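Structure first, commentary second.
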Amino acid sequence: MQTFPLSLGFEERIRGSHHIFSKEGVEEILNIQPKQGKAKAYQVKQIRNIILNYQLGGLNED
């Protein structure tokens with residue numbers, strides 16, 4: 001899970017079990033605390049909303 005935000009250009013900081021991702025141009029900060037190697041459901045929704053709101057990782061419609 002932690003590699004997915006990295007593939008979208010986010011930078012990662014780790015504080016204990018929290019993986020904190022930030023990216024220039026994205027106002028929100030992702031804070032992921034995996035449980036048994038998986039993100040929690042609300043964290044997946046946060047990531048999805050950021051991807052949709054900032055149009056990250058998709059195809060450009062030029």
Side-chain angles (χ1 to χ4, degrees):
M1 180 62 195
Q2 287 86 16
T3 59
F4 183 69
L6 295 176
S7 67
L8 295 174
F10 283 81
E11 295 182 14
E12 180 181 27
R13 282 187 301 143
I14 299 174
R15 294 193 72 128
S17 63
H18 294 262
H19 296 256
I20 303 164
F21 297 93
S22 61
K23 177 179 172 122
E24 187 174 324
V26 176
E27 190 172 321
E28 296 89 343
I29 294 172
L30 296 172
N31 183 354
I32 301 174
Q33 185 180 15
K35 184 176 182 181
Q36 297 176 349
K38 298 181 181 179
K40 298 173 185 174
Y42 76 90
Q43 296 167 333
V44 173
K45 290 177 185 176
Q46 287 175 342
I47 294 169
R48 181 181 184 277
N49 286 335
I50 288 174
I51 290 170
L52 293 174
N53 289 339
Y54 291 94
Q55 300 177 355
L56 301 174
L59 299 174
N60 292 334
E61 295 182 19
D62 291 342

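One is the number of the first residue; the rest follow in order along the sequence. Values in this document were obtained by computation on a predicted structure and should not be read as measured data.
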Rounded at 0.5 Å granularity, tell me how far CZ in R13 sits from CD in E11. 10.0 Å
State plainly whether one hydrophobic cluster holds both I20 and I50, where clusters connect Ile, Leu, Val, Met, Phe, Trp and Tyr through side-chain heavy atoms under 4.5 angstrom apart. no
Should I47 and L52 be counted in the same cluster of Ile, Leu, Val, Met, Phe, Trp and Tyr side chains packed under 4.5 Å apart? no
Is there a side-chain contact between [X] and [Y] in this structure, where contact means two heavy atoms from C-beta onward sitting under 4.5 Å apart?
| X | Y | answer |
| --- | --- | --- |
| I29 | F21 | no |
| L6 | E12 | yes |
| L56 | F10 | yes |

No-hydrogen, no-angle side-chain donor-acceptor test under 3.5 Å, E28 and Y54: yes
Any donor-acceptor N or O pair under 3.5 Å, side chains S17, Q33: yes
Between [X] and [Y], what is the shortest heavy-atom contact and its length?
| X | Y | value |
| --- | --- | --- |
| G16 | I14 | O-CG2, 3.4 Å |
| N31 | H18 | OD1-ND1, 3.0 Å |
| H19 | P34 | CD2-CD, 3.9 Å |

Are more than 12 heavy atoms, taken from residues, nucleotides or ligands other than K40, located less than 6.0 Å from that residue's NZ atom? yes
